[in-house]
Amino acid sequence: MDTMKAMILDRPGAALKLREQPVPRPGPGEVLIAISACGVCRTDLHVVDGDLPDPKLPIIPGHEIVGRIAARADDVTDLAVGSRVGVPWLGATCGICPYCRTDRENLCDRPKFTGYTRDGGFATHALADARYCFALPEAADDAALAPLLCAGLIGWRSYRMAGAADSLGLYGFGAAAHILAPVAVWQGRRVHAFTRAGDEAAQTFARSLGAVWAGASDALPPEPLDAAIIFAPVGALVPAALRAVKKGGRVVCGGIHMSDIPQFPYRLLWEERQILSVANLTRQDAREFLALAPQAGVKTHITRYPLQAANEALADLRDGRLQGAAVLLP
Ligand SMILES: [Zn+2]
Ligand SMILES: [Zn+2]
């Protein structure tokens with residue numbers, strides 16, 4: 001029997017363990033993917049640290065999968081064996097709930113999430129629902145593409161939710177912001193990057209990607225913002241961002257988990273300022289963004305780790321030691 005390698009989480013708070021297990025066979029509607037790269041996302045940290053409820057256990061984390069179709073179920077006809085695909089966080093939806101039926105599959109009542117409620121990509125192989133695999137260009141590098149699958153896609157959804165903001169704030173300059181900043185600059189917007197106070201490296205990185213200003217997250221930018229996106233999982237950034245947006249401005253929370261939002265005076269929200277969150281992605285978001293990213297000249301900055309070093313990659317992300325995104329190579 002063929003075997004695969006995977007970095008497996010047995011229980012939240014534990015280190016991932018490298019194990020060999022049989023390569024699974026695709027069930028109806030599924031494909032087997034031979035993984036060539038998998039990005040490491042902050043949501044993987046939330047799964048591993050136990051911030052998200054009820055993961056499948058044991059679970060193989062990872063939801064920024066790039067690989068090639070190694071096998072497919074008989075009923076899958078549109079993805080050829082050998083073709084290059086990406087698998088995102090949203091791994092499956094029910095197709096029949098009120099959200100699915102109104103083009104809001106990101107809010108599906110019975111979803112499956114890659115690397116959380118179904119096994120993901122910290123492995124040499126993974127099964128995926130064929131409807132949630134996206135064709136990827138042959139020319140690009142596997143590892144460079146991986147961060148687009150979540151940081152890019154959910155970042156793009158957050159960006160769209162921010163609306164037509166000429167002056168845009170990005171709070172937390174990690175994987176998502178480093179992909180979205182060049183897109184915003186390409187569209188003629190002025191990007192303001194907010195990082196931890198004193199994080200000169202992140203601020204220099206943001207300026208190198210076209211930010212007109214970079215500073216501490218509790219500082220006010222040189223001009224009031226039309227909108228802000230918060231990518232860092234820090235609730236205190238919500239009142240900070242409300243302070244930075246102008247009348248009618250919008251604050252978008254782009255993460256799946258955030259520390260509690262501290263109490264703040266109503267005047268920060270007054271004058272039709274808005275706070276909203278972004279959940280997951282739709283396949284339409286993915287099609288749009290994967291087509292737009294090469295036009296906008298998006299170039300990811302990645303740090304490569306061997307699959308067995310998944311725990312080190314997670315620790316580097318947790319401790320803010322990375323610029324851009326971490327990617328595991330099996
Ligand atoms: Zn549904
Ligand atoms: Zn993610």
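We count ligands from 1, going down the list as the structure has it; atoms in each ligand are counted the same way. Heavy atoms only: backbone and side chains are in, while hydrogens, waters and symmetry mates are out. For the single chain, residues carry numbers from 1 onward in sequence order.
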Under 3.5 Å, is there a donor-acceptor pair linking the side chains of Arg189 and Tyr159? yes
Looking only at side-chain N and O atoms, does Thr195 offer a donor or acceptor that is under 3.5 Å from a partner on Gln203? yes
Flag the pair Tyr116 / His46 as yes when their ring centroid distance falls below 6.0 Å, and as no otherwise. no
Tell me whether Arg287 forms a cation-pi arrangement with Phe134, defined as NZ or CZ under 6.0 Å from the six-membered ring centre and within 45 degrees of its axis. no
Can you tell me, to 10 degrees, how wide the angle at the Zn ion (ligand 2) is between NE2 on His63 and SG on Cys150? 110°
Give a rough value, rounded to 10 degrees, for the angle at the Zn ion (ligand 1) between atoms SG of Cys97 and SG of Cys108. 120°
What is the SG(Cys94)-the Zn ion (ligand 1)-SG(Cys100) angle, to the nearest 10 degrees? 120°
